[in-house]
Amino acid sequence: MQLPSRFIAQIIELESESFGGQESESNSGRTIVSNMTGHRLMGYIKTKPLDVDDMRDLSAWLDSLEGGSTIITASIPLLNVKRGSSPVNPTVRAEARAGSKIIYLENLFPNQNRVIMPDDLMTFSGHPKGYTASLRMSGDRIETNSWNSDAQGRCTIYLTKPLLSNVALGEVVNITTPQLTVRMSKNTWKRLLQPANGRRVVMNFPFKEHY
């Protein structure tokens with residue numbers, strides 16, 4: 001299910017959680033834990049000031065989600081402002097195993113600087129987890145703070161967190177318009193009346209990444 005983008009203004013809070021075991025959730029809400037380092041994005045989504053009609057429409061939509069049991073595809077404003085310059089989505093040129101933090105890409109424009117920048121969000125066509133590009137450090141020195149393509153349109157990317165699943169040769173990597181798969185993290189949402197703003201209503205609701 002797609003989050004209705006016409007309502008959304010911003011993320012008012014974004015958290016990045018790391019934990020010792022890799023957690024995932026089935027559609028039934030059952031938590032599965034493996035021995036890999038885990039990671040999840042979560043936060044609060046806030047709407048722009050809504051008139052009564054839009055507020056009632058969004059209220060009905062949120063209530064129809066049945067709390068955290070409905071999976072939503074959403075653009076996350078704080079993460080969707082990419083710094084990299086690539087106008088195309090590359091593909092994976094070598095299989096990467098779960099647990100790896102290195103991805104080999106191809107089908108980028110040749111000899112392009114800053115195709116991907118640290119903290120740029122990306123998603124793979126084979127599984128729903130979102131990942132961000134990392135810095136490459138040498139001790140306490142930044143060795144690479146941007147990722148550039150070579151003459152063949154290839155590029156090697158370091159990730160901030162290890163892959164949850166294997167990534168296959170030829171998978172598309174969405175770096176131009178990535179979206180996260182999320183669900184409401186609580187069965188509650190809020191609305192705040194703003195009398196000074198033409199009696200419009202701002203709504204916010206909590207989310208967490210689902211995979």
Following the transitive rule for hydrophobic clusters with a side-chain heavy-atom cut-off under 4.5 Å over Ile, Leu, Val, Met, Phe, Trp and Tyr, establish whether [X] and [Y] coincide in one cluster.
X      : Y      : answer
Met55  : Trp61  : yes
Tyr104 : Leu169 : no
Val88  : Val172 : no

Flag side-chain contact, heavy atom, 4.5 Å: [X] against [Y]:
X      : Y      : result
Ser59  : Met203 : yes
Ile103 : Thr156 : no
Lys82  : Leu121 : no
Arg93  : Asn107 : no
Leu105 : Val173 : yes

Which heavy atom of [X] sits nearest to which heavy atom of [Y], and what is that distance?
X      : Y      : result
Leu41  : Phe207 : O-CE1, 4.3 Å
Cys155 : Ser149 : CB-CA, 4.3 Å
Leu135 : Trp147 : C-CZ2, 4.4 Å
Glu106 : Pro90  : O-CB, 3.2 Å
Val115 : Ile175 : O-CD1, 4.4 Å
Gly130 : Glu209 : N-OE2, 2.8 Å

Could you tell me the separation between the [atom1] atom of [X] and the [atom2] atom of [Y], rounded to the nearest 0.5 Å?
X      : Y      : atom1 : atom2 : answer
Leu164 : Tyr211 : CG    : OH    : 6.5 Å
Asp120 : Arg114 : CG    : CZ    : 9.5 Å
Leu50  : Arg200 : CG    : CZ    : 8.0 Å
Lys129 : Arg40  : NZ    : CZ    : 8.5 Å
Ile72  : Ile45  : CD1   : CD1   : 7.0 Å
Ile116 : Arg83  : CD1   : CZ    : 12.0 Å

**Prompt:** Checking side chain to side chain contact (heavy atoms under 4.5 Å, CB included) for the pair Lys208/Arg183: CA distance, chi angles, key distance, verdict?
**Reply:** CA-CA 6 Å; Lys208 64 179 178 179; Arg183 65 198 314 163; 4.2 Å; yes
**Message:** Using the rule side chain to side chain contact (heavy atoms under 4.5 Å, CB included), only one of Asn113, Asn111, Leu108 pairs with Asn148; which is it?
**Reply:**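 When Asn113, Asn111, Leu108 are each tested with Asn148, the side chain to side chain contact (heavy atoms under 4.5 Å, CB included) holds only for Asn113.
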**Prompt:** What do the steps show when you test Asn89 against Thr176 for side chain to side chain donor-acceptor pair (under 3.5 Å), and what is the final call?
**Reply:** CA-CA 6 Å; Asn89 290 324; Thr176 59; 3.0 Å; yes
**Asked** Can you name the side chain to side chain contact (heavy atoms under 4.5 Å, CB included) partners of Thr160, sequence neighbours left out?
**Response**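 Residues passing side chain to side chain contact (heavy atoms under 4.5 Å, CB included) with Thr160: Thr132, Ser134.
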**Message:** Applying side chain to side chain donor-acceptor pair (under 3.5 Å) to Glu171 and Thr91, what does each step give before you reach the verdict?
**Reply:** CA-CA 5 Å; Glu171 276 195 44; Thr91 55; over 6 Å; no
**Prompt:** Taking the inter-plane angle between the rings of His127 and Tyr131 on a 0 to 90° scale, is it parallel (under 30°), tilted (30 to 60°) or perpendicular (over 60°)?
**Reply:** perpendicular
**Prompt:** Think Lys46 forms a cation-pi with Tyr44, using NZ or CZ under 6.0 Å from the six-ring centre and within 45 degrees of its axis?
**Reply:**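 No.
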